[in-house]
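Okay, structure first, notes after.
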Amino acid sequence: MSVKTRFAPSPTGYLHIGGARTALFNWLFARNQGGTFVLRIEDTDSERSTEESAREIVEAMEWLGLNWDEGPYFQSQRLALYREYVERLLSQGKAYRCYCTKEELEEERKRALSQGKKPRYNRRCLENPPSDRKEFAVRFLCPDEGETVVEDLVKGTVVFKNDELDDLIILRSDGMPTYNFTVVIDDALMGITHVLRGDDHLNNTPRQIQLYRALDLPIPRFGHLPMILGHDRTRLSKRHGAMSVLAYRDMGYLPEAVNNYLVRLGWSFGDQEIFTMEELIEKFSLDNVGTSAGVFNPEKMLWVNHQHLKMSPPEEIARRALPFFRELGVDPSNHPRYVDAVRTLQERSKTLKELAESGLFYFTDGVDIDEGAKKKFLKPSVVPPLTRLVELLKETEPFTEENISRCFEKVMEEFQIKLGKIAQPCRVALTGKTVSPGIFEVIYVLGKEEAVKRLEKGISLIPLDAESPLK
RNA sequence: GGUCCCAUCGUCUAGCGGUCUAGGACAUCGGCCUCUCACGCCGAAAACGGGGGUUCGAGUCCCCCUGGGAUCACCA
C-alpha cells in the first residue's frame with residue numbers, strides 16, 4: 001500500500017519551529033516513499049482558532065517548500081461527518097451523554113488531584129443520568145480492562161493499561177467534536193497510513209486506538225518524534241525567542257537551510273551535516289530517527305544557513321536577496337553587475353539580510369563615510385598614491401579585476417608601499433567602511449566611473465596637513 | 001502525584017557486543033592564510049549519569065536508582 005502522511009496543525013498561532021519539524025518529517029517520509037502528503041487544519045476549537053493563523057501556517061509551509069498533494073482540509077467544514085460517527089457510537093452504546101457541567105468536573109478534578117489521585121471521570125451520567133438537564137456532551141465509553149499496545153515506529157512497543165484511560169469527551173456541549181475524535185475519523189477516512197507527530201501525543205495514542213476499534217476503522221502506523229526543547233530544556237515556546245518559521249524568513253534565512261537544520265534535530269545520516277532538499281528526500285528514513293529530545297540551537301542554525309548561502313548559485317541568492325535590498329531602499333535588480341556583487345558577498349554573509357546590509361554600498365548614490373574609518377585611513381600621506389591610482393584606473397581598459405589589480409601593483413612599486421597601505425584607504429573611500437569584500441572585486445563591481453568618483457570624493461575629504469605632509 | 005518517553009562532549013549527533021585509548025558538527029580557545037572582514041586550513045580543551053547483572057568481552061543487551069521531559073481539559 002502506498003504511503004500517505006499528513007501534517008495537521010491547529011490554527012491557534014503561527015507555525016513554529018517544532019511544528020515545522022513535524023511537517024518536514026512527514027513530508028520527507030512521503031516523498032522518500034513516493035507517497036502522498038496531506039495538509040489538514042484542525043480548527044475544531046472555535047475559541048482559539050483563527051483564519052489568520054491558518055493563512056500564516058499555509059504561507060510558512062509554502063515558504064519551506066513543503067508542498068502538499070491534498071488539502072488543506074479544514075475540520076470545521078467536516079462537522080456533519082463527525083456527528084454521523086458520534087451518532088453511530090451513541091446508537092451502538094459505545095458512547096453516552098454526559099450532563100455534567102465543566103464546573104462540576106473541574107471541582108472533582110481538583111479534589112482528586114489534592115488527594116494525590118488520578119482525575120478520572122466517575123461515569124455518573126452513564127449509570128444514572130440526571131433527568132432535569134438538557135445540555136450534554138458526549139463521552140466515549142472506553143474499555144477499562146486489558147491493555148492497549150502501541151507499536152511505535154520510533155519508540156518501539158509501548159504498553160498502556162486501559163484502566164489508565166478514562167471516558168473522554170468526543171462531542172462538546174456546543175456540538176463541536178474534540179481533537180481525539182476528529183483526528184481518528186480524519187486519519188482513517190483520508191487513508192493516512194503513517195501518523196508522525198510529536199511524542200507529546202504518545203499518551204493520546206491508546207485512546208485513539210480504542211476509538212478506531214470501536215468504529216471499526218483501519219489503524220494507521222504511528223511514529224512519535226522526540227520533542228524540540230528550548231535552551232532551558234523545556235518545551236519550546238515564545239519565551240525561547242524567535243520561534244516562528246516566518247520570522248526566520250524575515251531574518252534572511254533560506255528555507256532549505258531551516259529544513260536542513262531541523263531535520264538534523266532528531267535525524268542523522270552518519271556524519272553528514274549539510275544536505276540539499278533532493279538529498280534529504282533520497283536519504284530520509286525513519287530508521288535513523290533518534291529517540292531523545294533535542295535542544296534548539298540558533299547558532300548552529302545560523303551556521304547551516306551560512307553553508308547554504310555559500311553553496312547556492314549567485315543568481316539564485318541574488319534573486320532571493322532582492323526583498324532585503326529593497327527593504328533598505330535600493331533596487332539593484334537592473335544593475336548590470338548585481339549578480340557579481342552578490343558573489344562577492346555570499347561567503348561573508350550568514351543571512352540574506354546581512355548580505356544586503358553589507359552590500360548596500362554597491363548600489364547607493366555615493367557613500368557615507370564612517371567617521372572613525374575616515375580618521376584612521378584617509379590621511380594626508382595617502383593622497384599621492386591614491387591620486388596616482390585614480391589616474392591609472394581611469395586609463396584602464398578593459399576594466400577587469402586583473403587589470404585593476406595591476407594598477408595597485410604599479411602604485412605599490414612606484415611608492416614603495418605595501419598593499420595594505422593603499423587598500424584600506426581605498427576601501428574606506430569606496431565603501432565607507434573598513435570592512436568589505438576584496439578591494440579589486442569591489443572596484444570591478446562598482447565600475448570605473450563610480451569607483452573613480454568615490455575615490456576622488458574620498459581624496460577631497462582628506463584634510464591638508466601642513467605640519468607633516470609626508471607622514 | 002499517576003502514567004508514558006528519554007539518557008554519549010556546553011549543544012546536535014555517530015556508535016546498532018570486540019575495529020572506542022569513543023568519531024563528526026556548532027560554539028569556545030590557540031595558530032596559519034591575508035588588502036580589511038570573512039571563508040578556509042591546522043591544533044587544543046570537552047562526553048558514554050550511578051549501581052547491579054548477562055557475556056570470554058558492554059557506550060552498545062537486561063534490571064534498579066538518579067536525572068530530565070511529556071501528559072493527565074468540553075486545547076490540539
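Hydrogens, waters and symmetry mates play no part in the numbers below; they use all other heavy atoms, side chains included. Naming convention: chains lettered A, B, ... in sequence-line order (proteins, then strands); numbering from 1 in each chain.
Taking a 6.0 Å sphere around CD of Glu279(A), one finds it holds more than 12 heavy atoms contributed by other residues, nucleotides or ligands. Counting heavy atoms of neighbouring residues, nucleotides and ligands inside a 6.0 Å radius, atom CG of Asp368(A) does not exceed 12 of them. In Lys421(A), the NZ atom is not crowded: 12 or fewer heavy atoms of neighbouring residues, nucleotides or ligands sit closer than 6.0 Å. Atom CD of Glu106(A) has more than 12 neighbouring heavy atoms from other residues, nucleotides or ligands inside a 6.0 Å radius.
Between Phe296(A) atom CZ and U13(B) atom P there is a gap of 13 Å when expressed in whole angstrom units. Rounded to whole Å, the distance from CG on Leu168(A) to P on A76(B) is 11 Å. Put simply, CD1 on Ile404(A) is 17 Å from P on C35(B), counting in whole angstrom units. In this structure, CG of Leu211(A) is placed 14 Å from P of A76(B), rounded to the nearest angstrom. Going from atom CG of Asp163(A) over to atom C1' of G2(B) covers 11 Å, rounded to whole Å. The separation between Leu202(A) atom CG and C4(B) atom P is 10 Å, rounded to whole Å. For the pair Arg427(A) CZ and C35(B) P, the computed distance is 10 Å after rounding to whole Å. In this structure, Asn259(A) places its CG atom 20 Å from P of C12(B), rounding to the nearest Å.
Note on Ile439(A): a base of the nucleic acid sits closer than 4.0 angstrom, heavy atoms only. Counting non-hydrogen atoms under 4.0 angstrom, Lys310(A) reaches the backbone sugars and phosphates but no base. Within 4.0 Å of Phe408(A), counting heavy atoms only, lies no atom of the nucleic acid at all. Nucleic acid contact for Pro437(A): base, since at least one base atom lies under 4.0 Å from a heavy atom of the residue. Nucleic acid contact class of Gly266(A) (heavy atoms, under 4.0 Å, all strands): sugar-phosphate only. Residue-level contact check: Ser436(A) touches the bases, meaning some heavy atom is under 4.0 Å from a base atom.
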Polar atom pairs between nucleotides 69-75 of chain B and protein, under 3.5 Å, N or O only, would you list them?
from, atom 1, to, atom 2, distance (Å)
A70(B), OP1, Arg235(A), N, 3.0
A70(B), O3', Arg235(A), NH1, 3.1
U71(B), OP1, Arg235(A), NH1, 2.6
C72(B), O2', Lys118(A), NZ, 3.4
A73(B), OP2, Arg109(A), NE, 2.8
C74(B), OP1, Arg109(A), NH2, 3.2
C74(B), O2, Ser173(A), N, 2.7
C74(B), O2, Ser173(A), OG, 2.9
C74(B), N3, Ser173(A), OG, 2.9
C74(B), N4, Cys100(A), O, 2.6
C75(B), OP1, Arg172(A), NE, 2.9
C75(B), OP2, Arg172(A), NE, 2.0
C75(B), OP2, Arg172(A), NH2, 2.5
C75(B), O3', Arg172(A), NH2, 2.8
C75(B), O2', Asp45(A), OD2, 2.8
C75(B), O2', Arg48(A), NH2, 2.6
C75(B), O2, Arg48(A), NH2, 3.1

Name the pairs: protein N/O against N/O of nucleotides 19-26 of chain B, kept only if under 3.5 Å.
from, atom 1, to, atom 2, distance (Å)
G23(B), N2, Asp271(A), OD1, 2.9
G24(B), N2, Glu273(A), OE2, 2.9
A25(B), O4', Glu273(A), OE2, 3.3
A25(B), N3, Lys300(A), NZ, 3.3
C26(B), OP1, Trp303(A), NE1, 3.4
C26(B), O2', Lys300(A), N, 3.4

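Taking the six-membered ring wherever Trp is involved, the centroid distance between the rings of His231(A) and Phe296(A) does not fall below 6.0 Å. Taking the six-membered ring for Trp and the full ring otherwise, the centers of Phe399(A) and Tyr444(A) sit at least 6.0 Å from each other.
Taking the ring centre of Tyr73(A) as origin, the terminal cationic atom of Arg78(A) falls inside the region bounded by 6.0 Å and 45° from the ring axis. Judged by the 6.0 Å and 45° rule, Arg6(A) forms no cation-pi pair with Phe37(A).
Annotation: salt bridge (Lys or Arg N to Asp or Glu O under 4.0 Å) contacts of Glu47(A) (sequence neighbours excluded): none. Applying the ring-ring contact (aromatic ring centres under 6.0 Å, His included) rule to Tyr96(A) yields no partners; only residues at least two apart in sequence or on another chain are considered.
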Assign a letter to each nucleotide of nucleotides 28-33 of chain B from its 5' end: B, base within under 4.0 Å of a protein heavy atom; S, sugar-phosphate only; -, no contact. ------
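Nearer the 5' end of RNA chain B, as judged by each residue's closest nucleotide, is the contact made by Lys161(A), out of Asn180(A) and Lys161(A). Residue order along RNA chain B, read from the 5' end via each residue's closest nucleotide, puts Ala423(A) first among Ala423(A) and Ala8(A).
Note on Asp200(A) versus Arg235(A): salt bridge recorded, some NZ/NE/NH1/NH2 to OD/OE distance being below 4.0 Å. Contact check on Glu108(A) versus Lys110(A) returns no salt bridge, with no Lys/Arg side-chain nitrogen under 4.0 Å from an Asp/Glu carboxylate oxygen.
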Please assess Trp27(A) against Phe284(A) for the test ring pair (Phe, Tyr, Trp, His ring centres under 6.0 Å), listing each intermediate value before the final yes or no. CA-CA 10 Å; Trp27(A) 183 84; Phe284(A) 186 80; 9.8 Å; no
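Sorted by residue number, the members of residues 340-348 of chain A with any non-hydrogen atom under 4.0 Å from RNA chain B read Glu347(A), Arg348(A).
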